[in-house]
Number of protein chains: 2
Amino acid sequence: MNPANRDNDEAVRAAGSPLVHDFGLLIKAATRLEQRIDTALRKECEVSHTMFEVLIRLCRKPDEAVSQRELADDLTLTSSGVTRLVDRMEGAGLVRRVPAPGDRRSVLVESTDHGRTVFLRAAAVHARVVERYFVAPLHPDDYGRLTGSLGAIDKALRDT
Amino acid sequence: MNPANRDNDEAVRAAGSPLVHDFGLLIKAATRLEQRIDTALRKECEVSHTMFEVLIRLCRKPDEAVSQRELADDLTLTSSGVTRLVDRMEGAGLVRRVPAPGDRRSVLVESTDHGRTVFLRAAAVHARVVERYFVAPLHPDDYGRLTGSLGAIDKALRDT
DNA sequence: AGTGTTTTGTTGACTGCTCAGCAATTGACT
DNA sequence: AGTCAATTGCTGAGCAGTCAACAAAACACT
């Protein structure tokens, strides 16, 4: 058998490996899930999923202002990505930039009243989709294991 | 208590809900995982993660040519996204377009020899990252449950 | 106090996708 | 055969992010 054929067979084997398939499943499920949420939020609340994630972070504690850097880390975005995201959200009246007391480089972002109102409507849409495609398909005792596993993966990623 | 305060409290409660957190974990873990793979593949093999996924699909069976439509469905992309992706991959010599016998609208895509070579190198990189951040962090018996759960979620998404 | 390093956010140029609109081909139904 | 609908891929325009380069402020260390 010549080398080209060996390569070919090896490629076929590698492409069919269960690890490749399982990992693909994670990426695909997450992608599809995010797309569902995003289109639902855009249609019903005129907010993108990313904006919704910002609002989650901002509404977690009352009157909590969060620096753009912190947002970037939380959302796995670059700082310039956050700059532009906050630009759009500010334009839509969802958030407001305020200077950070004690650090004149930093910019804090806080939710407006309108932002909180939109967040509440969006949270209902979000809950509906999550319930339907994330909770309902799972056996009840698999749910806890799934989140535990995801937590372990996330930890491994953050630790390095 | 006035309505504004009630909204505020409700927003705080919604933002802190465990479902919101757990779902965020899934999205975040998948995003970070994909970013790792993508940067590793770009650095070591000069291929994006999306291109790698195309090669997986094309190398699964020897000499299997796949239509662009099929690729679009598999990768959760639009057809125009695939058009442009295949343009770039063709430019890089990884794949080749061939006319579909029996349907003059459709375009089949097949891997070149160079595509298979690159795929083999990329598969090694992919395996390394997946092993480290997807397999290693999990308890062995959680792995099977995780993929089962992901399969159930993916099925629910595809069925509707 | 002064100097080099790090952190923070912004900007210009680019990438990789989407959406809307299109032409070509195919299929479905009389 | 003839028409109307659906499918397939392509293109222009636009959006949401990246990266590289930057200025301003803060920090570290003599």
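Note that this is a predicted model, so its numbers are computed, not measured.
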Open item on the list: Looking at dT25(C), I'd like to know if its phosphate oxygens (OP1 or OP2) sit under 4.0 Å from a side-chain N or O belonging to Ser106(B).
Closed with: no
- [ ] Rounded to the nearest angstrom, tell me the gap between atom CG in Asp38(B) and atom C1' in dG17(D).
- [x] 13 Å
- [ ] Without swapping roles, check the side chain of Asp38(B) against the backbone of His49(B) for a donor-acceptor pair under 3.5 Å.
- [x] yes
TODO: Answer with base, sugar-phosphate or nothing: what part of the nucleic acid does Ser79(A) contact at a heavy-atom distance below 4.0 Å?
DONE: base
Task: base_contact_polar (dT10(C) base, Arg105(A) side chain, donor-acceptor, <3.5 Å) - done: no
Open item on the list: I want to confirm an ordering. Mapping Arg104(B) and Arg84(A) to their closest nucleotides on DNA chain C, which one lands closer to the 5' end?
Closed with: Arg84(A)
- [ ] Kindly say whether, by distance alone, the side chain of Thr78(B) makes a donor-acceptor pair under 3.5 Å with the base of dC17(C)?
- [x] no
Task: Thr50(B) side-chain N/O to dC17(C) phosphate OP1/OP2 under 4.0 Å - done: yes
- [ ] Whole angstrom is fine here: how far is it from CD in Glu53(B) over to C1' in dC17(C)?
- [x] 15 Å
Task: Ion pair check, Glu44(B) and Arg128(B), cut-off under 4.0 Å - done: yes
Task: First of Ser67(B) and Val82(A) reached from the 5' end of DNA chain D, by closest nucleotide - done: Ser67(B)
Open item on the list: Rounded to whole Å, how long is the line connecting atom CD of Glu70(B) with atom C1' of dT7(D)?
Closed with: 14 Å
TODO: Could you tell me whether the side chain of Glu90(A) and the main chain of Arg97(A) form a donor-acceptor pair under 3.5 Å?
DONE: yes
TODO: Starting from the 5' end of DNA chain D, give me the residue, Gly102(A) or Gly81(A), whose nearest nucleotide shows up first.
DONE: Gly81(A)
Open item on the list: How many whole angstroms separate atom CG of Leu108(A) from atom P of dT8(C)?
Closed with: 12 Å
Open item on the list: Which label fits His126(B) and Phe23(A): parallel for a plane angle under 30°, tilted from 30 to 60°, or perpendicular past 60°?
Closed with: perpendicular
TODO: Give a yes or no on whether Ile27(A) and Leu150(B) share a hydrophobic cluster (residues Ile, Leu, Val, Met, Phe, Trp, Tyr; joining criterion: side-chain heavy atoms under 4.5 Å apart).
DONE: yes
Open item on the list: How many whole angstroms separate atom NE2 of His49(A) from atom P of dA16(D)?
Closed with: 15 Å
TODO: Would you mind telling me which of dT11(D), dC17(C), dT11(C) lies closest to the side-chain atoms of Thr83(B)?
DONE: dT11(D)
Open item on the list: Strictly below 4.0 Å: does Arg69(B) bring a side-chain N or O up to OP1 or OP2 of dT25(C)?
Closed with: no
Task: Spacing between Leu85(A) atom CG and dG9(C) atom P, to the nearest angstrom - done: 13 Å
Open item on the list: Rounding to an integer number of Å, can you tell me how far Arg97(A) CZ sits from dG9(C) C1'?
Closed with: 9 Å
- [ ] Respond yes when some side-chain nitrogen or oxygen of Gln35(B) is under 4.0 Å from OP1 or OP2 of dT18(D), and no when none is.
- [x] no
TODO: Check the distance between dA24(C)'s C1' and Asp103(B)'s CG and give it to me in whole angstrom.
DONE: 11 Å
